[in-house]
Structures are given as C-alpha cells and as structure tokens.
Visitor: 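One structure, pasted below without further comment.
To find a chain, count down the sequence lines: A is the first, B the second, and so on, and within it residues start at 1.
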Amino acid sequence: MSRHKRKSAPHPDPLPLGLLIIDGLEGDLARVELPNGGTQDIVLSQLPAGLKEGDVLLVTEAGAVIDHTETQRRREGAQTQLDALNAQAPSGEIDL
Amino acid sequence: MTRWLTTGLLLLASTAAAQGNLIIRFLDVGQGDAVLITSPEGKSLIYDGGRSETRMRELIQQYQIKNVSLVAASHADADHITGLVPVVEQFRPQLFLNNGLAGTTRIWSKLTSAAQQAGTKGLVAQDQVINLGSVKVTVIPPPPGMKAGEQNTHSVGLLIQYGTFKALMTGDSETAETEGWLKTYPASALGPIDVYKSIHHGAKNGDHPAWLSAVRPSNVVISVGPNNYGHPTTQALALYAKAGAAVYRTDLNGTVTVTVQPGGQYTIKTERGKSTPTPTTQPRSQSTPLVIPATPPAGVNVSYANCTAVRAAGKAPIRVGEPGYSRKLDRDGDGIGCE
C-alpha cells in the first residue's frame with residue numbers, strides 16, 4: 001500500500017515591507033508599486049479589504065494597513081502639481 | 001557589412017518619409033502600451049510609454065527617434081507611463097496630454113516632475129484636434145459621468161487620420177467609458193477603423209460587441225506581454241475573430257509597424273512572425289486575417305536552463321516569442337530575458 005503525503009496549500013510570499021502604492025486593480029490582483037519603484041502583483045486576499053486604486057499601504061512585520069493620511073497627502077500633492085502643469089495649456093486646434 | 005545595411009535601411013526610412021508616409025509603430029514593450037506615431041514631416045508623438053524606462057531607451061535607439069513633439073498618457077497606470085519618463089527627459093516635448101487625474105505613484109510623480117523640468121506644458125484631454133504635421137489627431141476625452149478617481153474609465157483616446165486611413169486607440173477604457181463614447185459620438189465618427197489598438201491588452205472588461213460594431217476594425221493590435229492577468233482573454237480574441245479583423249500581438253509579433261501612404265493605403269509589417277502580405281486598403285474585405293498560432297511552430301522547441309546557457313548560445317537578451325524564451329529567464333517580466 002502506498003502512502004501519499006497530503007499536499008499543503010502553498011504559503012503566499014510575505015508582503016514586501018514599507019510603503020506600497022496601489023497602481024491598479026486587475027481582477028483578483030493588485031499591481032503595487034514597491035518602494036524601489038518596481039511593481040509587483042499581489043493577490044487581493046493578502047491585502048486589507050476595501051482598498052482602492054491609488055491607496056498607500058503601510059506594510060510592517062505586524063501586517064498591512066491602508067495609510068489614509070499618506071494617501072490623501074500624495075493625492076492632493078500630485079493633483080496640485082498636475083493642475084499647475086496643465087494651467088498653461090493651449091486651447092483650440094493645435095499645430096505641432 | 002552591418003553598417004552598410006544599417007545605412008541602407010536608414011536611407012530607405014528617409015526616402016519613405018520624403019514620400020510622405022505616416023508611420024505608426026506599436027512598440028514591443030512587454031505588458032503595457034506604447035505607440036510611436038511619426039508624421040511624413042518627421043514629427044513624432046508617443047501615446048503611452050510601456051512599463052520600463054530601460055526598454056524605452058532601447059527603442060529610442062532602435063528606431064533612431066530624433067524628436068518627440070507630444071507625449072500622451074492615456075491614463076496614469078505604470079504600464080502606460082513609465083517609458084514616457086526618458087522620452088520627456090530626452091526630447092523635451094512641447095505638450096503632455098493627460099486625463100487631468102493625477103496618480104499617487106512615485107512613477108507618476110517622476111513623470112510630472114520630468115515634464116516640469118523639461119518645460120513641457122500639460123494638456124488636459126478635451127474635444128480637440130492636434131495636427132501632427134499633415135496628420136490629423138483627434139483627442140477623445142473621457143465622456144461625462146465616469147466614476148471619480150478611476151483611471152481606466154478616464155482613459156484618453158486618440159483618432160489618427162491620414163487620407164482615408166484611420167487608427168484608433170483608447171487606453172485601458174472599460175465598458176462604462178466606451179458606452180459613454182457611443183452616446184457621445186455617432187458610430188460613423190468612430191468607424192470603420194483600419195488599425196485599432198485592442199482595449200486594455202485584451203482584457204475581458206475592455207472591448208465588447210456593441211463597441212466593436214461601431215469601430216468595425218480591419219486590423220487589431222494587442223499590446224501585451226507576459227502577465228498574470230490572463231491577457232489577452234479568449235473572450236477578446238473571439239470578439240476580434242467575430243469582427244473579421246486580422247490580429248497582431250506584440251508578444252508574438254514584436255513591434256508592429258503600419259506605413260500609410262498619402263492617399264490612405266497602408267501596409268502592416270511585424271518584427272517577427274507573419275505579416276499581412278498585401279496593403280490592406282479598400283475594400284475592407286481584402287484584408288487577410290492573420291491567424292496567430294497558439295503554439296510555437298515546429299523546430300523552435302528550444303529551452304535554456306538559465307541565462308548562462310542563453311549567453312553561451314549567443315542568444316542574450318532573449319525576447320518573448322523567440323525560441324527558448326521562458327518566464328524563468330525574465331525576472332522583471334518585461335518580455336526580455338537575460339538582459
């Protein structure tokens with residue numbers, strides 16, 4: 001009689017530590033921007049519930065939480081910068 | 001020998017420009033979008049830049065890009081904007097077309113800072129025509145009513161017209177956005193389209209029958225690379241087949257180049273694999289659908305244990321679609337292994 005060892009479910013990789021930013025949501029995956037600027041796909045079930053595109057996550061040894069303050073700070077800062085950039089846009093038909 | 005060949009090719013390229021051709025290149029950037037559009041007068045715009053600064057620098061060299069007048073970000077996702085950073089730094093374009101919705105990522109911040117440094121002016125998408133030399137570029141802004149804060153449904157589209165030729169690209173828009181466009185524009189303003197960039201790399205929430213029946217594409221280019229999302233989906237491929245469109249994929253065909261003559265006749269060539277053999281012009285039924293093989297053709301069943309083996313074979317870097325490419329050789333998943 002052969003004995004089959006029961007396969008255990010694979011453990012997900014530990015989350016990268018630091019401030020992660022949700023670049024996009026694709027089905028069951030979140031594409032996150034890592035502190036080094038690269039991106040990585042992470043299964044949503046490993047991340048806090050209810051996160052949205054653009055949210056900033058603080059990941060420590062204790063786990064991952066949405067950093068609402070940092071999210072808001074980055075959102076407002078980036079929007080202000082973009083609005084300033086867009087302020088001098090030409091109107092009407094443009095010839096390049 | 002190579003030098004003479006290169007010189008010859010450059011001369012041919014110059015001749016093509018002198019004869020008044022529009023050239024559209026759907027660049028092979030792995031998983032992401034990047035389209036280089038060069039007018040007969042040699043003016044260029046880049047619509048999205050893919051997910052890798054390194055890859056875009058290689059492409060700038062490969063295609064001998066001399067100037068870029070406008071960069072367009074369909075939306076702020078990293079796989080669309082990362083490669084725009086070196087473009088802005090190197091060419092200091094006049095304009096940066098965007099959807100007006102800032103991203104929170106570091107790469108978005110890097111892009112807008114680069115634009116600021118370069119003196120590039122921002123341009124929020126609105127119903128507007130941009131003349132890239134003799135090529136008419138119509139901006140298709142997100143329709144009203146899109147959910148606040150969502151990047152995909154705020155994708156900016158571009159309609160490119162040269163003679164009777166029309167190309168359309170619409171970022172990662174989703175059904176809500178394309179339905180909004182169908183209410184905004186008459187179907188006759190959208191299609192038929194000669195060359196169409198598949199929405200969202202062939203995702204299942206992108207193209208849908210009602211939209212495609214307005215667009216009526218003859219040829220579809222899917223900008224796609226190795227990914228975890230299942231792109232392109234069987235649903236999207238089935239839709240393109242049903243539409244009778246020829247399908248090109250940058251993961252299998254490499255960069256896809258469309259050359260358009262002044263009247264609007266055009267040819268499509270691919271870096272790898274089959275190309276459409278004859279100009280796909282009027283009537284549309286002359287277009288020959290390209291059947292993409294599901295498995296590599298016989299005789300290319302090569303595998304390499306690691307990058308040392310690839311280098312020993314003189315095949316590094318090895319790109320997706322080339323014999324022997326595998327995900328294990330491509331750590332960053334940009335479609336180029338053993339870089």
Visitor: Output the distance between atom CZ (B/Arg51) and atom CZ (A/Arg31), rounded to the nearest 0.5 Å.
Guide: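 Going from CZ on B/Arg51 over to CZ on A/Arg31, the span is 8.5 Å.
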
Visitor: Test your reading of the model: is there a side-chain donor-acceptor pair from B/Gln128 to the backbone of A/Gly92, 3.5 Å cut-off?
Guide: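 It does hold such a pair.
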
Visitor: Measuring from atom CG of B/Leu95 to atom CD1 of A/Ile94, what distance do you get when rounded to the nearest 0.5 angstrom?
Guide: 5.5 Å

Visitor: Using every non-hydrogen atom in the two residues, find where A/Pro90 and B/Leu123 come nearest and quote the distance to one decimal.
Guide: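 What the structure gives for the nearest pair is O-CD1, 3.6 Å.
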
Visitor: Should we say atom CZ of B/Arg57 is surrounded by more than 12 heavy atoms from elsewhere, each under 6.0 Å from it?
Guide: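 Enclosed.
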
Visitor: Tell me if a side-chain donor or acceptor on A/Gln79 pairs with a main-chain N or O of B/Ala102 at a distance below 3.5 Å.
Guide: yes

Visitor: What pair of heavy atoms forms the shortest contact from A/Asp23 to B/Asp77, and how long is it?
Guide: O-OD1, 3.3 Å

Visitor: Shorter than 4.5 Å, heavy atoms on both sides: which option in B/Gly230, B/Ser69, B/Ala78 has the most such pairs with chain A?
Guide: B/Ala78

Visitor: With only heavy atoms counted, which part of A/Leu19 is less than 4.5 Å from chain B, the side chain, the backbone, both or neither?
Guide: both

Visitor: To the nearest 0.5 angstrom, please state how far the CG atom of A/Leu96 sits from the CG atom of B/Leu132.
Guide: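 Atom-to-atom, A/Leu96:CG and B/Leu132:CG are 6.0 Å apart.
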
Visitor: Using distance alone, with no hydrogens and no angle criterion, decide if B/Gln116 and A/Gln81 have a side-chain donor and acceptor under 3.5 Å apart.
Guide: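 Result is yes, a qualifying pair exists.
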
Visitor: Taking CG in A/Asp95 as the centre, count heavy atoms belonging to other residues, nucleotides or ligands within less than 6.0 Å. Is the count above 12?
Guide: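 Yes.
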
Visitor: With a 4.5 Å cut-off on heavy-atom pairs, point out which of B/His231, B/Gln94, B/Gln151 contacts chain A the most.
Guide: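 Max contact count across the listed options: B/Gln151.
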
Visitor: Do you know which of A/Glu33, A/Arg74, A/Arg75 has the most heavy-atom pairs with chain B at a distance under 4.5 angstrom?
Guide: A/Glu33

Visitor: Which one, B/Asn152, B/Val124, B/Asp172, leads in non-hydrogen pairs under 4.5 Å with chain A?
Guide: B/Val124

Visitor: With a cut-off of 6.0 Å (strictly less than), are more than 12 heavy atoms of other residues, nucleotides or ligands near CD of B/Gln117?
Guide: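 No, not enclosed.
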
Visitor: How long is the span from the CG atom in B/Asn227 to the CG atom in A/Asp41, to the nearest 0.5 Å?
Guide: 8.5 Å

Visitor: In residues 103-115 of chain B, which residues are in contact with chain A at a heavy-atom separation under 4.5 Å?
Guide: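 Hits under 4.5 Å: B/Gly103, B/Thr104, B/Thr105, B/Arg106, B/Ile107, B/Trp108, B/Ser109, B/Thr112, B/Ser113, B/Ala115.
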
Visitor: Please state whether the side chain, the backbone, both or neither of B/Asn205 comes within less than 4.5 Å of a heavy atom of chain A.
Guide: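 The answer is neither part of B/Asn205.
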
Visitor: Looking at A/Ala89 and B/Gly122, what are the two nearest heavy atoms and their distance?
Guide: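 Distance-wise, the nearest heavy atoms are CB-O, 3.1 Å.
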
Visitor: Side chain, backbone, both or neither: which part of B/Ala203 has a heavy atom under 4.5 Å from chain A?
Guide: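 Interface part for B/Ala203: neither.
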
Visitor: Just how far is it from atom CD of A/Glu26 to atom CG of B/Asp79, taken to the nearest 0.5 Å?
Guide: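 Answer rounded to 0.5 Å: 7.0 Å.
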
Visitor: For B/Lys121 versus A/Gln88, what's the shortest heavy-atom pair and its separation?
Guide: CD-O, 3.5 Å

